[in-house]
Protein chains: 2
Amino acid sequence: MEEQKDVTIYDIAEKLKLSTSTISRALKDHHSISEKTIKKVKKTAEEMGYRPNTLAASLRSNKTKTIGVLISRINRPFISSLISGIEETAQKAGYNVIITQSHDSYEDEVNMAKALYSSRVSGIICSLAMETRDTSHFKQFIDKNIPLVFVDRVPKRFDTYRVMIDNYSAGYKATKHLIEQGCTRIAHYAGSQFRNIYSERKRGYVDALIEHNLPVDEDLIIHFNTLSYEEGVMRTNKLLDLKNPPDGIFSANDTAAVSAIQCAKKRGLKVPEDVAVIGFNDDPIASIIDPGLSSITHPAVKMGQTSAKKILNHLKKSKKDDLTEITFLNTEVVVRESSKRKKV
Amino acid sequence: MEEQKDVTIYDIAEKLKLSTSTISRALKDHHSISEKTIKKVKKTAEEMGYRPNTLAASLRSNKTKTIGVLISRINRPFISSLISGIEETAQKAGYNVIITQSHDSYEDEVNMAKALYSSRVSGIICSLAMETRDTSHFKQFIDKNIPLVFVDRVPKRFDTYRVMIDNYSAGYKATKHLIEQGCTRIAHYAGSQFRNIYSERKRGYVDALIEHNLPVDEDLIIHFNTLSYEEGVMRTNKLLDLKNPPDGIFSANDTAAVSAIQCAKKRGLKVPEDVAVIGFNDDPIASIIDPGLSSITHPAVKMGQTSAKKILNHLKKSKKDDLTEITFLNTEVVVRESSKRKKV
DNA sequence: TTGTAGGCGTTATCAT
DNA sequence: ATGATAACGCCTACAA
């Protein structure tokens, strides 16, 4: 078993007494090559075990047919579905997908952006790390007219494609739903206010309260670092220890919402009677937990597909036009047991 | 905003009146280049906005520093954690990760294997599609001494790296646990018997019954197509309709186990008193559902890390040696409420 | 319809 | 310590 050399179009050309250009063209069904030659070339290529070298083609054509993806971490339901949507769409168009994780670290994000650039990806799809404030490391892509799509966790100001949901209106809808169920003291589990998906959800929450003449109590707005299960348990216990505890909780993600439910149950409180809960994302756990967790849908797969399509369409156009374009996907309130109260 | 050309080492060489070889070496801290030159080159490269072209380097050196991953679908807890482990390990070693999905289709798997080969990946990690029977499309990698790791869903016979858990012993442990809890009629939710992870789990189940002098009742062995939630509900209802229903269920995954619990609850049965349940994978839902689902751990992240390390180590070795190596990672029974019965 | 030749950006070899 | 040159495999004007 020796290190075998790859068969190249040169080898095929030699064998068939043709030129490499003919081979190259024949393999791509170029119209100027005769049917007969094409057949012959393909057959010989097959027999000789020829495998195209994408690398060489990419170098020559300056097109890699690869989409780079830069996200916090893969193993979260929303993100893995997002990637699934991206990959599926890319695959259909003959594109590869390179995945990199920032682990929510700014430093990693910068490094991965560099690495993706060096790989000469055709386009890049990114959901920002929790830590990231400055986004100048993405300028390199804009400068080279490499299509860049921010998805979900997008920067406030950056002239490029953005694919997201209307977090403000989603936050408003979630809060309004709790109000309609008769809640009057509604707490909010807020994520990092540096990520505007979270600040928008909070803004929707606040406005819903105001428009329904409910007071905004700062004690009921809990700013989480991670929105993790552990943090959720801690914060919920503190919250329920208040003299005047809330009768409703709107959490900016499902993980923290689930922890709130379990925490409340453990303390002997009834959900939704004593405290109604609504989450965000509609993760699989939402329909598994008892009582079922009401939530806001977050169309992950579709966001992935849409992002990939933005890249692919941009690459199709020959002339580049204005790059700023924001796509909003719709969300819905999914009502389950955790928020169904008798109307007051 | 014109299409800007990339700055190359040639541009730097010209500016500094040096040769491209010197630049190339300086950028890699080659020992034969003087400190002074290295500094100067790096500074100029920075100023000119030089970005290395991985593509060209790969073509030249015939090394892509890329690991290809071929799995069924990303958006499943086990798989996304697996990939997370792979990516993390690869990233530390300066490797990229290309992700492809087979969607459990044999045809897609063959195509993706081809695509990964064409990308000249340095190594490939694969978990087989449900459909796959024949694995000859992986021979191309072996022939070219490209390290290939099968993980979790591995083929029965294929001389290469395999990273897996001992499914037989895990199935045995799970069943034994139920027996110890006093179950005497234990059903098994089995996955496709063409994938030996499932046939092994079943074998462990059967042997545990036999060794504990319990009858093996074919009516209690349910062969699933997908082990999905929906199928789980259907099959569980049928099972519980039996004249002589089971008092314990060992499911080959958590999804089906969860559906069994919910189904039983809906029918007024108590878990674990009327029917004890144990799943497989220890997915996040296992600790969320009520009662908590007992399960078998499936060390996804670690399996990913291990697989990536196998690739990286193989690439480090200059001489290739025997390629067959099976790594078994340990599993544990996690006991939660769904299987805790008073001892008989 | 087919062939010729140059180049994509980098690196390894062999020289100086 | 540095330079000249060829080569990696493919594609594409341009020529025939």
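Predicted, not measured: the structure shown is a model, and the values here were computed from it. Each chain gets a letter, A, B and so on, in the order its sequence line appears, and its residues count up from 1.
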Chemist: For nucleotides 2-5 of chain D, list the nitrogen or oxygen atoms of the protein found under 3.5 Å from its nitrogen or oxygen atoms, one pair per line.
Modeler:
from, atom 1, to, atom 2, distance (Å)
D:dT2, OP1, B:Thr37, OG1, 3.0
D:dT2, OP2, B:Ser34, N, 3.2
D:dT2, OP2, B:Thr37, OG1, 3.3
D:dG3, OP2, B:Ser19, N, 2.8
D:dG3, OP2, B:Ser19, OG, 3.2
D:dG3, OP2, B:Thr22, OG1, 2.5
D:dG3, N7, B:Arg25, NH1, 3.3
D:dG3, O6, B:Arg25, NH1, 3.3
D:dG3, O6, B:Arg25, NH2, 2.6
D:dA4, N7, B:Ser21, OG, 3.3
D:dA4, N6, B:Ser21, OG, 3.0

Chemist: Given side chains that start at C-beta, do those of B:Val97 and B:Thr66 come closer than 4.5 Å, heavy atoms only?
Modeler: no

Chemist: Quick check: do B:Lys144 and B:Phe141 have side-chain heavy atoms less than 4.5 Å from each other?
Modeler: no

Chemist: Rounded off to whole Å, could you give me the CD1-to-C1' distance for the B:Ile12 and C:dG9 pair?
Modeler: 11 Å

Chemist: So do the side chains of B:Arg195 and B:Val154 get within less than 4.5 Å of each other, counting heavy atoms only?
Modeler: no

Chemist: Which listed nucleotide (C:dT11, C:dG9, D:dG9) is nearest to the side chain of B:Thr8?
Modeler: C:dG9

Chemist: Residues of residues 110-121 of chain A with any non-hydrogen atom less than 4.0 angstrom from an atom of DNA chain D: list those, numerically ordered, please.
Modeler: none

Chemist: Do you know which of B:Lys310, B:Arg162, B:Lys309 makes salt bridge (Lys or Arg N to Asp or Glu O under 4.0 Å) with B:Glu325?
Modeler: B:Lys310

Chemist: Please test B:Phe150 against B:Phe158 for ring pair (Phe, Tyr, Trp, His ring centres under 6.0 Å), starting from the C-alpha separation and ending with a verdict.
Modeler: CA-CA 9 Å; B:Phe150 283 113; B:Phe158 202 106; 5.4 Å; yes

Chemist: Applying the side chain to side chain contact (heavy atoms under 4.5 Å, CB included) criterion to A:Thr20, which one of A:Thr8, A:Asp11, A:Ile9 satisfies it?
Modeler: A:Ile9

Chemist: Between A:Tyr50 and D:dC10, is there a contact of a side-chain N or O with OP1 or OP2 at under 4.0 Å?
Modeler: yes

Chemist: To the nearest 10°, give me the bend of the helix from C:dT1-D:dA16 to C:dT16-D:dA1, comparing the axes of its five terminal pairs at either end.
Modeler: 30°

Chemist: Which part of the nucleic acid does A:Lys28 contact within heavy-atom distance under 4.0 Å: base, sugar-phosphate only, or nothing?
Modeler: sugar-phosphate

Chemist: To the nearest Å, give me how far apart CG (A:Asn53) and C1' (D:dG9) are.
Modeler: 6 Å

Chemist: State, with a plain yes or no, whether a side-chain heavy atom of A:Thr306 is found less than 4.5 Å away from one of A:Leu329.
Modeler: yes

Chemist: Short question: side chain of B:Ser81, backbone of A:Asn75 - any donor-acceptor pair under 3.5 Å?
Modeler: no

Chemist: Quickly work out the A:Leu27 CG to C:dT2 C1' distance and round it to whole Å.
Modeler: 15 Å

Chemist: Round to the nearest Å and state the distance from A:Leu59 atom CG to D:dC10 atom P.
Modeler: 12 Å

Chemist: OG of A:Ser127 to CD of A:Glu109: how many Å apart, nearest 0.5 Å?
Modeler: 9.0 Å

Chemist: So does B:Lys139 pair up with B:Asp134, basic N to acidic O under 4.0 Å?
Modeler: no

Chemist: Within this structure, what is the CG-to-P distance between B:Asp11 and C:dT10, rounded to whole angstrom?
Modeler: 9 Å

Chemist: In this structure, how many angstroms lie between the P atom of D:dT12 and the CD1 atom of A:Ile9, rounded?
Modeler: 11 Å

Chemist: Quick one: A:Leu16 CG to C:dT2 C1', roughly how many Å, whole number?
Modeler: 13 Å

Chemist: Classify B:Asn62 by what it touches in the nucleic acid, base, sugar-phosphate, or nothing, heavy-atom distance under 4.0 Å.
Modeler: nothing

Chemist: Taking B:Lys39 first and then B:Glu35, would you say they form a salt bridge - that is, a charged N and a carboxylate O separated by under 4.0 Å?
Modeler: no

Chemist: Quick test of your reading of the model: are A:Lys42 and A:Glu46 salt-bridged, counting only N-O distances below 4.0 Å?
Modeler: no

Chemist: Starting at CD of A:Glu35 and ending at C1' of C:dT2, how long is that distance when rounded to a whole Å?
Modeler: 16 Å

